[in-house]
Structure formats: C-alpha cells, structure tokens
Amino acid sequence: GNSVTQMEGPVTLSEEAFLTINCTYTATGYPSLFWYVQYPGEGLQLLLKATKADDKGSNKGFEATYRKETTSFHLEKGSVQVSDSAVYFCADTLNAGGTSYGKLTFGQGTILTVHP
Amino acid sequence: DAMVIQNPRYQVTQFGKPVTLSCSQTLNHNVMYWYQQKSSQAPKLLFHYYDKDFNNEADTPDNFQSRRPNTSFCFLDIRSPGLGDAAMYLCATSPTSYNEQFFGPGTRLTVL
C-alpha cells in the first residue's frame with residue numbers, strides 16, 4: 001500500500017538556521033502532496049501543497065518541490081524562527097476512485113524545536 | 001470566516017460513560033472526516049462521510065460511531081470509552097476527493 005516516510009526527529013535548531021525535513025512517498029501515479037503543521041494543542045493547518053510534478057509549494061518562508069523522479073517532497077526554510085516550533089506532517093492523497101475519497105496518508109511527523 | 005469548529009475543545013468523561021463530540025463546518029464541503037491522534041503521532045482515520053455515504057475504516061473499533069444529520073454537522077459517539085480512547089479527536093472537511101483537508105482545532109478527550 002501507499003506510505004509516506006519522513007526523516008526522524010526530533011529536530012532541534014538555533015534561530016536563523018536552515019531547515020530541511022525530508023519526505024518521500026511510495027504512491028504510484030500522480031498523488032497530491034502536502035505539508036501540514038501542528039502547533040501545540042491545536043489541529044493541523046495546511047502549510048503548503050503541490051499537485052503535479054515540479055510544482056513548488058510555498059508559504060511563510062517554507063518551500064517544497066514535487067520531485068517525481070525521486071518521489072520526494074522535502075520541506076525547507078532558509079531561516080527558522082522560534083515560532084516555527086511545531087510538529088510537521090508530510091502527506092499525500094490519491095484520487096483512487098470508489099470510496100477512497102481523498103484519503104490522506106501521513107508521514108509519522110517530525111517535531112521541530114527552535115531555540116533563541 | 002469559513003471554518004471547521006469543534007466542540008468542546010476539552011472533554012472529560014468517566015470510564016464507560018458515553019460521550020459525544022461535535023464538529024460543524026461553514027465551508028459547505030461534501031466530505032467530513034474523523035481522526036484520532038495520540039501524542040504527536042500521525043492522525044489515524046476513523047471514518048468519513050461523502051455527503052450521507054458513510055465509510056468506516058476496517059480497524060475502527062465498534063465502540064466508535066458517527067452521525068451526519070446534515071451537510072454542516074458531524075458527530076462522533078464513543079459508546080463506552082476506555083482509558084485507551086484518551087486522545088485528541090480531529091474533524092476535517094474536504095470539498096471532494098483529491099483535495100486538501102481542512103482541520104478543526106480538535107477536542108482533547110480525557111477518560112478518568
């Protein structure tokens with residue numbers, strides 16, 4: 001079945017450091033790809049998305065590029081802030097038809113802590 | 001603002017005492033989902049509705065039920081909560097298949 005794999009955490013960085021969180025998927029075809037962020041005690045928020053190969057999603061200084069050749073969607077930010085401390089989930093969804101209505105497959109999540 | 005609302009944000013119940021969590025949406029989305037999430041793990045899908053069409057995940061315990069009386073509202077009923085059911089419960093919506101999901105803030109359930 002489809003799976004999404006994220007780099008293991010937790011990740012601890014100093015403010016203004018460069019961030020990369022790796023994400024790879026196994027789905028065949030052309031899934032849509034997402035990064036969600038979850039701040040402590042809150043629900044998930046969509047951070048960015050890409051729906052076709054070579055698309056770049058970006059938001060709040062975060063970027064990720066849909067790489068079909070490497071089945072990857074790595075999250076990057078050039079300069080992290082303390083307020084970026086959260087859990088980050090990579091996910092994909094396939095239009096499989098039938099009753100598989102856009103079911104998300106999540107990675108295991110990566111805890112990011114940014115220190116001043 | 002259009003949004004997904006969950007009530008209550010925090011729910012405390014006793015072992016074996018039925019509890020209902022609610023979700024409402026102003027997005028007019030066809031699909032509504034219920035997830036269970038434990039301590040920073042990935043959310044686990046319990047079931048979802050496409051309009052009134054109910055879809056249960058194969059490994060969702062019978063203890064968990066759901067109702068969707070109309071497009072805007074969806075309920076999660078836990079008939080006899082056990083200590084292992086303590087978790088964050090997340091509701092999400094999506095306009096149709098193949099789209100991103102919009103999550104509510106979650107309800108934190110504590111079972112005493």
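Side chains are part of it too, since the values below use all heavy atoms of this structure and drop only hydrogens, waters and symmetry mates. Lettering of chains follows the sequences in order, A, B, ..., and the numbering in each one begins at 1.
Clustering ILVMFWY residues whenever any of their side-chain heavy atoms sit less than 4.5 angstrom apart, transitively, puts B/F54 in the very cluster that holds B/I78. There is no path of hydrophobic side-chain contacts, each under 4.5 Å, that joins A/F18 to A/F73. When the side chains of ILVMFWY residues are joined at heavy-atom separations under 4.5 Å, either directly or via intervening members, B/F102 and B/M32 end up in two distinct hydrophobic clusters. Under a hydrophobic-cluster definition in which Ile, Leu, Val, Met, Phe, Trp and Tyr are linked whenever side-chain heavy atoms come within less than 4.5 Å, directly or via other members, A/Y30 and A/V4 are assigned to the same cluster.
The distance from atom CG of A/L104 to atom OH of B/Y33, rounded to the nearest 0.5 Å, is 7.0 Å. Atom OG1 of residue A/T51 and atom CD of residue B/E100 lie 9.5 Å apart, to the nearest 0.5 angstrom. With values rounded to the nearest 0.5 angstrom, B/M88 atom CE is found 8.5 Å from A/E42 atom CD.
The two residues B/A42 and A/G107 come nearest to each other via the heavy atoms CB-O, 3.3 Å. Of all heavy-atom pairs spanning A/G43 and B/L90, the tightest one is CA-CD2, 3.8 Å.
Within 6.0 Å of NZ on B/K38 lie more than 12 heavy atoms contributed by other residues, nucleotides or ligands. When the shell of 6.0 Å around CD of A/E15 is examined, it contains more than 12 heavy atoms from other residues, nucleotides or ligands. Remark: A/K56 NZ is loosely packed, at most 12 non-hydrogen atoms of other residues, nucleotides or ligands lying under 6.0 Å away. The number of heavy atoms from other shown groups lying within 6.0 Å of CD (A/Q81) is above 12. Within a 6.0 Å radius of CD in A/E69, more than 12 heavy atoms belonging to other residues, nucleotides or ligands are found.
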Run the numbers on A/F34 and B/Q101 for side chain to side chain contact (heavy atoms under 4.5 Å, CB included), then give the verdict. CA-CA 10 Å; A/F34 309 96; B/Q101 295 180 19; over 6 Å; no
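Heavy atoms of A/L46 lying under 4.5 Å from chain B belong exclusively to its side chain. For B/Q37, the part sitting under 4.5 Å from any heavy atom of chain A is the side chain, from C-beta outward, and nothing else.
Judged as a side chain to side chain donor-acceptor pair (under 3.5 Å), the pairs with a partner in residues 59-76 of chain B (not counting sequence neighbours) are, in order, B/K44-B/D59, B/N63-B/D85, B/R67-B/D77.
Residues of residues 104-112 of chain B lying within less than 4.5 angstrom of chain A, judged on heavy atoms, are B/G104, B/P105 in numerical order.
The greatest number of non-hydrogen atom pairs below 4.5 Å with chain B, out of A/Q45, A/K49, A/Q108, is found for A/K49.
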